[in-house]
Q: 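Okay, here's the structure, questions in a sec.
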Amino acid sequence: MEWSLENVREMVAGGMQSIRECEICAFAIAMCVLLLFMWYCYRVGREHGSSPLRGRYLAGPGRIGGVVGGFMGSDCRGRGKGKHGSILEEQNGFAFCQSSECFRCTSAGESLNQRLYHSLQDYAKRYTWSGMGRVHKGVRDQGRYLNSRPTIQRPEVFFLPDLPSAPFFSREVQRHDVELLEQSFPALLAEFESIYHQPPARSGSSLPPGWKANNTPRGQWWTYYLVNQGTPLVLNVRRCPRAWRVLGQLRTFIANNVFGNACFSVLTPGALITEHYGPTNVRLRCHLGLRVPPSCELVVGGEPQCWSEGSCLLFDDSFLHRAFHEGSAEDGPRVVFMVDLWHPNVAAAERQALDYIFTPGRLEDKEGK
């Protein structure tokens with residue numbers, strides 16, 4: 001090949017044309033990727049919403065899911081009257097949940113296991129199987145896991161395998177949320193005082209609006225739910241705007257599935273909450289002490305701990321646990337602000353899948369099909 005100025009010009013011109021064509025191809029590929037990404041964000045946004053809590057309590061004037069806010073079974077998401085008939089009834093001043101669908105009050109069975117697996121398959125079709133190893137293993141073998149667990153830890157509904165477990169956890173595992181709650185101690189205490197000292201909701205009742213009594217062998221245990229099994233209680237939320245803002249700022253609050261709760265919890269002197277298990281090991285229950293008189297104790301997995309005012313206590317409530325207040329009437333009630341946080345070893349992909357599978361009402365809808 002003879003080298004000449006003309007040949008060099010032709011080579012340079014050919015190279016520039018190739019570069020232009022490559023730029024066009026690269027630009028087209030980048031636009032396709034961008035469009036795919038925007039479509040994916042749209043799908044995820046439609047399914048999960050832009051914020052776990054934003055706008056979720058505006059469904060109606062004083063009602064969520066057909067149940068008057070503030071009076072429902074302990075840790076049970078009331079559903080009012082529907083295909084199951086009367087779900088919630090009051091007996092001797094206590095509220096009892098009668099729903100066969102309530103996760104807190106029913107044991108897992110073969111029917112639930114099948115519905116869990118169908119929900120997981122549906123999630124994988126919509127999104128991905130990536131990162132679903134433990135969730136798939138847990139759903140597939142749920143019956144075996146629940147039946148073979150030692151009596152010290154036996155979650156009633158769902159067990160995620162291979163999670164580190166202990167009755168109590170260090171505050172460092174959820175440091176951001178623990179510090180935020182403790183910084184909010186004065187505001188939460190003031191808001192508790194405002195809702196606790198209201199006049200009774202109705203004649204013949206000693207409870208202010210929004211409070212409910214739970215069944216205990218002795219003493220009184222009252223709760224004021226802001227979120228009950230993943231469902232905000234509209235009237236209670238409106239009475240507690242500062243507590244609601246705090247919940248919206250927590251990074252690991254379980255806001256989108258039936259394992260998430262947030263409430264003020266009161267134990268009167270002499271009260272005993274008997275031994276019981278929580279529904280799952282994917283969460284840590286956090287208690288922020290608001291009022292803690294002497295002789296109050298929480299026992300989890302055989303390990304006793306005491307609350308402290310202004311400090312958080314993290315524990316795994318899938319372990320057998322109980323609480324009591326053995327102080328005198330002069331000591332006053334024990335009060336904590338309770339929130340359910342994700343277990344720190346549940347990965348982000350697993351959290352998204354569990355939010356989808358255990359969205360309030362999803363498994364109930366599957367049964368009805």
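Note that the coordinates shown come from a computational prediction; the quantities given were computed from them, not determined experimentally. Quick note: numbers below take in every heavy atom, side chains included, and nothing from hydrogens, waters or symmetry partners.
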Q: Indicate whether the side chain of D316 and that of S165 have a donor and an acceptor atom separated by less than 3.5 Å.
A: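 There is no such pair between these side chains.
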
Q: Same cluster or not: are V299 and I152 linked, directly or through other Ile, Leu, Val, Met, Phe, Trp or Tyr residues, by side-chain heavy atoms under 4.5 angstrom apart?
A: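 The answer is no; the residues belong to distinct hydrophobic clusters.
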
Q: Can you see which heavy atom on F337 is nearest to which on L226, and at what distance?
A: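 Closest approach of F337 to L226, heavy atoms only: CE1-CD1, 4.2 Å.
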
Q: Has the side chain of D317 got a donor or acceptor atom that lies under 3.5 Å from a matching backbone atom of R285?
A: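 No.
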
Q: Check whether any side-chain heavy atom of I195 lies under 4.5 Å from a side-chain heavy atom of W211, and answer yes or no.
A: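 A side-chain contact exists here, since the closest heavy-atom pair is under 4.5 Å.
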
Q: Working to the nearest 0.5 angstrom, can you tell me the gap between S184 OG and L288 CG?
A: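 Result: 8.5 Å between the selected atoms.
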
Q: Is the backbone of W342 close enough, under 3.5 Å, to the side chain of Q174 for a donor and an acceptor to pair up by distance?
A: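 Yes, because the side chain of Q174 sits within donor-acceptor range (under 3.5 Å) of the backbone of W342.
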
Q: Output the distance between atom CZ (R322) and atom CG (L272), rounded to the nearest 0.5 Å.
A: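 Answer for the CZ-CG pair, R322 versus L272, is 7.0 Å.
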
Q: If you group Ile, Leu, Val, Met, Phe, Trp and Tyr by side-chain heavy-atom gaps below 4.5 Å, do L247 and V178 land in one group?
A: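 Yes; V178 is reachable from L247 via cluster members.
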
Q: Would you find a donor on one side and an acceptor on the other, under 3.5 Å apart, between the side chain of Q249 and the backbone of L180?
A: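 Flag not set: sc Q249 to bb L180 has no pair under 3.5 Å.
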
Q: How about N236 and R239: do any of their side-chain heavy atoms sit closer than 4.5 Å?
A: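 When only atoms from C-beta onward are counted, R239 and N236 do touch, with a gap below 4.5 Å.
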
Q: Test your reading of the model: is there a side-chain donor-acceptor pair from Q153 to the backbone of S318, 3.5 Å cut-off?
A: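 Between the backbone of S318 and the side chain of Q153 there is no qualifying donor-acceptor contact (under 3.5 Å).
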
Q: Which heavy-atom pair separates L313 from C306 by the least distance, and what is that distance?
A: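 L313 and C306 have their closest heavy atoms at CD2-O, 4.4 Å.
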
Q: Between the side chain of H321 and the main-chain N/O of H276, is any donor-acceptor distance below 3.5 Å?
A: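 A pair under 3.5 Å: yes.
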
Q: Mark yes when over 12 heavy atoms from residues, nucleotides or ligands other than R175 sit less than 6.0 Å from its CZ; otherwise mark no.
A: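 No - once you tally the heavy atoms of other residues, nucleotides and ligands closer than 6.0 Å, there are 12 at most.
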
Q: Please round to the nearest 0.5 Å and tell me the distance separating atom OG1 of T231 and atom CG of N256.
A: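 The CG atom of N256 is 10.5 Å from OG1 of T231, to the nearest 0.5 Å.
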
Q: Counting N and O atoms only, with roles assigned by atom type, does the side chain of Q229 sit under 3.5 Å from a partner on the main chain of P360, one being a donor and the other an acceptor?
A: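 Here the side-chain-to-backbone pair does not exist.
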
Q: Report yes or no: does E193 contribute a side-chain atom to a donor-acceptor pair with the main-chain N or O of L189 at less than 3.5 Å?
A: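 It does not hold such a pair.
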
Q: Strictly distance-based, threshold 3.5 Å: is any side-chain N or O of N345 a donor or acceptor partner for the main-chain N or O of L163?
A: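 No: the side chain of N345 does not pair with the backbone of L163.
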
Q: In the single-linkage hydrophobic clustering (I, L, V, M, F, W, Y; side-chain heavy atoms under 4.5 Å), do F315 and V173 co-cluster?
A: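 They do not share one cluster, since no chain of ILVMFWY contacts under 4.5 Å joins F315 to V173.
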
Q: Say whether, by atom type as modelled, one donor and one acceptor occur between the side chain of H343 and the main chain of P164 under 3.5 angstrom.
A: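 Yes, because the side chain of H343 sits within donor-acceptor range (under 3.5 Å) of the backbone of P164.
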
Q: Which heavy atom of S295 sits nearest to which heavy atom of G327, and what is that distance?
A: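 In this case the closest contact between S295 and G327 is CB-N, 3.7 Å.
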
Q: Quick one, L235 and P209 - any side-chain contact, counting heavy atoms below 4.5 Å?
A: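 The answer is no; the side chains never approach within 4.5 Å.
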
Q: Is D340 salt-bridged to R283, going by a charged N under 4.0 Å from an acidic O?
A: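 R283 and D340: salt-bridged.
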
Q: Within the 4.5 Å heavy-atom criterion, are D162 and K137 side-chain neighbours or not?
A: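 A side-chain contact exists here, since the closest heavy-atom pair is under 4.5 Å.
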
Q: Identify which one of N228, V227, V339 satisfies the side chain to side chain contact (heavy atoms under 4.5 Å, CB included) criterion when paired with N261.
A: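 In the set N228, V227, V339, the residue that makes a side chain to side chain contact (heavy atoms under 4.5 Å, CB included) with N261 is N228.
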
Q: Does any N or O in the side chain of Y356 come within less than 3.5 Å of the main-chain N or O of A124, such that one atom is a donor and the other an acceptor?
A: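 Absent.
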
Q: Is the gap between the ring centers of F264 and Y196 under 6.0 Å?
A: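 When the ring centroids of F264 and Y196 are compared, they turn out to be at least 6.0 Å apart.
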
Q: I want to check something: taking the side chain as every heavy atom from C-beta on, are V266 and Y224 in contact at a cut-off of under 4.5 Å?
A: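 No; the side chains remain at least 4.5 Å from each other.
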
Q: Restricting to non-hydrogen atoms, name the atom on E303 and the atom on P167 that form the minimum distance, rounded to 0.1 Å.
A: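 Looks like OE2-CG, 3.7 Å.
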
Q: Nearest 0.5 Å please: distance from the CG atom of D177 over to the CZ atom of R171.
A: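 Nearest 0.5 Å value for the CG-CZ distance: 11.5 Å.
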
Q: If hydrophobic clusters are built by linking Ile, Leu, Val, Met, Phe, Trp and Tyr wherever their side-chain heavy atoms come under 4.5 Å apart, do V336 and V300 end up in the same one?
A: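 Yes; tracing contacts between hydrophobic side chains, which count when under 4.5 Å, links both residues.
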
Q: Give the intermediate values and the outcome of side-chain contact (heavy atoms from CB on, under 4.5 Å) for residues L188 and R242.
A: CA-CA 7 Å; L188 293 171; R242 287 175 289 182; 6.0 Å; no

Q: Are side-chain heavy atoms of F158 and L354 found at a separation under 4.5 Å?
A: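 Of all side-chain heavy-atom pairs linking L354 with F158, at least one is under 4.5 Å.
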
Q: Determine, stepwise, if the pair L116 / I357 fulfils side-chain contact (heavy atoms from CB on, under 4.5 Å).
A: CA-CA 7 Å; L116 290 178; I357 295 170; 3.7 Å; yes

Q: For a 4.5 angstrom cut-off between non-hydrogen side-chain atoms, does H118 reach D122?
A: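 When only atoms from C-beta onward are counted, D122 and H118 do not touch, as no gap falls below 4.5 Å.
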
Q: Using the rule side chain to side chain contact (heavy atoms under 4.5 Å, CB included), only one of L284, T252, L314 pairs with P344; which is it?
A: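 Exactly one option meets the side chain to side chain contact (heavy atoms under 4.5 Å, CB included) with P344, and it is L284.
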
Q: Kindly determine whether L160 and N281 satisfy side-chain contact (heavy atoms from CB on, under 4.5 Å), including the steps that lead there.
A: CA-CA 7 Å; L160 186 65; N281 66 326; 3.9 Å; yes

Q: C312 vs E179, test: side-chain contact (heavy atoms from CB on, under 4.5 Å). Steps then yes/no.
A: CA-CA 9 Å; C312 286; E179 291 182 348; over 6 Å; no

Q: Please determine whether residues F324 and M338 belong to a single hydrophobic cluster, defined as Ile, Leu, Val, Met, Phe, Trp and Tyr linked transitively by side-chain heavy-atom distances below 4.5 Å.
A: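 Unlinked, F324 and M338 end up in two clusters.
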
Q: Give me the atom names and distance for the closest heavy-atom approach of W129 to H136.
A: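 Taking W129 first and H136 second, the nearest heavy atoms are CZ3-CD2, 3.6 Å.
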
Q: How many angstroms lie between atom OH of Y277 and atom CZ of R154, to the nearest 0.5 angstrom?
A: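 Rounded to the nearest 0.5 Å, the OH-CZ separation comes to 5.5 Å.
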
Q: Less than 4.5 Å apart, any side-chain heavy atom of L320 and any of T151?
A: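 L320 does not reach T151 side chain to side chain.
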
Q: Could you measure the distance from the CZ atom of R334 to the NE2 atom of H325? Nearest 0.5 Å is fine.
A: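 It is 8.5 Å, given to the nearest 0.5 Å.
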
Q: Of all the heavy-atom pairs spanning L181 and C286, show the shortest one and how long it is.
A: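 Closest approach of L181 to C286, heavy atoms only: CD1-SG, 3.7 Å.
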
